[in-house]
S.K.: 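Right, I'll just put the structure down here and ask away after.
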Amino acid sequence: MASIAREKNGRRTIQFVAPDRRRKTIRLGKVSQRVAEAIKVKIESLVAAQLSGHTPDDETSRWLASIDDTLTCKLTKVGLIPKRSSTTLNAFLETYIGKRKDVKSGTTSVYRQAVSNLVEFFGADKPLRDITAGDAEDFRLFLFEKRYAQATVKRRCKYAKQFFSAAVRKKLISESPFAHIKGGSQENTERYYFITREEAERVLDACPDAEWRLIFALSRFGGLRCPSEHLALRWCDIDWERDRMTIHAPKTEHYVGGETRQAPIFPELRPHLERVFD
């Protein structure tokens with residue numbers, strides 16, 4: 001059990017018996033009795049966790065993540081918690097991306113675009129726990145000031161939200177400053193444009209060789225995602241007799257049945273395939 005003592009000058013201290021059976025003191029300074037009582041409860045929880053050999057409960061862990069460096073230092077000096085390093089933004093983000101071996105290189109690239117924006121705005125050495133919800137909103141406005149499209153801003157904020165949620169799970173911070181930022185649709189319908197047959201012919205005429213014409217034709221007349229599905233296409237995927245082709249889809253391969261799809265070889269596309277094949 002811990003006890004609270006009030007000195008003549010109004011400062012309060014908490015005394016407790018540590019797991020090593022030594023009596024120790026934490027000086028809180030001029031705080032209210034209510035604040036002192038709340039801290040005493042958490043100290044008792046930390047002592048109990050050490051005696052049982054378990055980690056502190058979730059509520060105590062969240063409290064530890066929320067307290068300032070002064071109180072953290074005092075708890076460290078009496079041996080209740082290990083020394084807490086101040087994890088910086090760039091160090092955490094680089095570690096996070098380095099561990100994401102489960103994502104494709106393209107995903108890593110878009111992660112790094114979001115990281116670049118975060119580091120540019122906050123600074124590489126910004127401590128994670130010093131970033132507030134207000135800062136997250138300012139970051140979103142900063143992206144608009146850089147004249148990014150709305151879909152891009154939503155996408156970068158989505159990744160920032162993902163990064164900081166991971167920091168919460170690692171107990172580096174108590175809550176994500178981006179938790180309130182809404183994702184929304186990342187499509188920019190204003191950029192939709194239908195390429196007419198006449199425009200397609202003009203593009204094909206401007207292509208330097210048959211291979212470039214095939215790349216464009218696969219996109220316009222085959223509906224392939226460029227460049228990932230173009231680069232995965234092999235001649236063995238082309239069924240000349242049935243006018244069908246098997247498309248390998250890296251973007252959807254993590255879904256059941258999404259590894260490949262069948263697509264028709266339309267009359268507008270077949271001549272371009274034949275020329276490159278010949």
Side-chain angles (χ1 to χ4, degrees), residues 19 26 38-39 41-140 142-143 153-184 186 254:
I26 295 178
I39 296 175
V41 171
K42 295 300 187 292
I43 288 175
E44 290 173 343
S45 176
L46 291 170
V47 173
Q50 285 193 357
L51 287 172
S52 64
H54 294 90
T55 57
D57 58 71
D58 290 342
E59 182 180 346
T60 302
S61 297
R62 288 193 294 269
W63 176 76
L64 287 173
S66 66
I67 61 177
D68 59 23
D69 290 340
T70 301
L71 183 54
T72 298
C73 184
K74 292 177 180 180
L75 295 175
T76 301
K77 285 183 177 180
V78 297
L80 287 178
I81 60 174
K83 185 176 180 180
R84 183 173 72 178
S85 59
S86 180
T87 304
T88 60
L89 176 66
N90 192 60
F92 167 73
L93 294 176
E94 288 298 326
T95 300
Y96 175 83
I97 293 178
K99 290 183 178 180
R100 291 303 305 268
K101 306 298 185 184
D102 58 318
V103 299
K104 295 181 172 63
S105 59
T107 302
T108 301
S109 296
V110 295
Y111 279 176
R112 291 205 171 277
Q113 292 172 356
V115 168
S116 177
N117 289 141
L118 286 165
V119 171
E120 180 184 1
F121 180 73
F122 291 109
D125 297 328
K126 179 80 169 180
L128 279 182
R129 63 175 179 270
D130 288 351
I131 298 175
T132 66
D135 294 332
E137 182 61 31
D138 289 342
F139 172 74
R140 190 180 73 88
F142 161 76
L143 295 178
V153 172
K154 290 180 177 179
R155 191 177 302 112
R156 300 288 165 84
C157 287
K158 183 193 78 169
Y159 290 129
K161 191 173 185 177
Q162 176 180 328
F163 300 154
F164 279 85
S165 294
V168 172
R169 293 192 295 273
K170 289 285 187 180
K171 299 187 183 299
L172 298 175
I173 53 178
S174 58
E175 59 183 4
S176 169
F178 283 85
H180 71 290
I181 300 292
K182 295 181 180 180
Q186 296 165 36
H254 56 288

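All figures in this text were calculated on a predicted structure; none of them were measured in a lab.
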S.K.: Which atom names give the shortest non-hydrogen contact between Ile67 and Leu64, and what distance separates them?
M.R.: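 Looking at all heavy atoms of both residues, the closest pair is CG1-O, 3.3 Å.
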S.K.: Applying side chain to side chain contact (heavy atoms under 4.5 Å, CB included) to Ile26 and Ile39, what does each step give before you reach the verdict?
M.R.: CA-CA 10 Å; Ile26 295 178; Ile39 296 175; 6.0 Å; no
S.K.: Report yes if some heavy atom in the side chain of Asp135 is under 4.5 Å from a heavy atom in the side chain of Pro177; otherwise report no.
M.R.: no
S.K.: Any idea how Phe142 and Phe121 line up, ring-wise: parallel (<30°), tilted (30 to 60°), or perpendicular (>60°)?
M.R.: tilted
S.K.: Kindly compute the distance separating CG (Leu80) from OG1 (Thr72), expressed to the nearest 0.5 Å.
M.R.: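 Taking CG in Leu80 and OG1 in Thr72, the distance rounds to 11.5 Å.
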S.K.: Specify the closest pair of heavy atoms between Pro19 and Gln50, including all atoms of both residues, with the distance to one decimal.
M.R.: CG-OE1, 3.0 Å
S.K.: Using a 3.5 Å distance criterion without hydrogens, assess whether the side chain of Ser116 forms a donor-acceptor pair with backbone atoms of Arg112.
M.R.: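 No; judged by distance alone, with no hydrogens or angles, the pair does not exist.
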S.K.: For the residue pair Val168 and Glu175, what are the closest heavy atoms and their distance?
M.R.: CG2-C, 3.6 Å
S.K.: Determine, for Arg140 against Glu137, whether the closest basic-nitrogen to carboxylate-oxygen distance falls under 4.0 angstrom.
M.R.: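 Between Glu137 and Arg140 there is a salt bridge, with a charged N closer than 4.0 Å to a carboxylate O.
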S.K.: What distance separates Leu172 CG from Thr87 OG1, expressed to the nearest 0.5 Å?
M.R.: 4.5 Å
S.K.: Are any of the side-chain nitrogens in Glu59 or Lys42 under 4.0 Å away from the carboxylate oxygens of its partner?
M.R.: yes
S.K.: Roughly how far, to the nearest 0.5 Å, is the CD atom of Glu94 from the OG1 atom of Thr88?
M.R.: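 Rounded to the nearest 0.5 Å, the OG1-CD separation comes to 10.0 Å.
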S.K.: Return the CD to OG1 distance between Gln113 and Thr108, rounded to the nearest 0.5 Å.
M.R.: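 Rounded to the nearest 0.5 Å, the CD-OG1 separation comes out at 11.5 Å.
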S.K.: Under a 4.5 Å cut-off applied to non-hydrogen side-chain atoms, are Ser61 and Thr55 in contact?
M.R.: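 The answer is no; the side chains never approach within 4.5 Å.
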S.K.: Compare every heavy atom of Ile131 with every heavy atom of Lys126, then report the nearest pair and how far apart it is.
M.R.: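 Shortest heavy-atom contact: CG-CG1, 3.8 Å.
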S.K.: Please check if atom NZ in Lys104 has more than 12 non-hydrogen atoms from other residues, nucleotides or ligands closer than 6.0 Å.
M.R.: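 Counting other residues, nucleotides and ligands, NZ of Lys104 exceeds 12 neighbours.
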S.K.: Just to verify, which of Phe122, Phe92, Tyr111 counts as forming a ring pair (Phe, Tyr, Trp, His ring centres under 6.0 Å) with Phe163?
M.R.: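 By the ring pair (Phe, Tyr, Trp, His ring centres under 6.0 Å) criterion, Phe163 pairs with just one of Phe122, Phe92, Tyr111: Tyr111.
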S.K.: Could you measure the distance from the CZ atom of Arg156 to the CG atom of Asn117? Nearest 0.5 Å is fine.
M.R.: 5.0 Å
S.K.: Would you say the side-chain atoms of Arg155 and Tyr159 include a donor-acceptor pair closer than 3.5 Å?
M.R.: no
S.K.: Quick check for you: to the nearest 0.5 Å, what is the distance between Asn90 atom CG and Thr95 atom OG1?
M.R.: 9.0 Å
S.K.: Please report the shortest heavy-atom distance between Leu89 and Phe164, naming the atom on each side.
M.R.: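 The answer is CD1-CZ, 3.9 Å.
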S.K.: Sort out for me which residue in Thr60, Val78, Leu75 forms a side chain to side chain contact (heavy atoms under 4.5 Å, CB included) with Ile43.
M.R.: Leu75
S.K.: Taking all non-hydrogen atoms of both residues into account, name the closest pair between Asp57 and Ser45 and its distance.
M.R.: OD2-OG, 3.1 Å
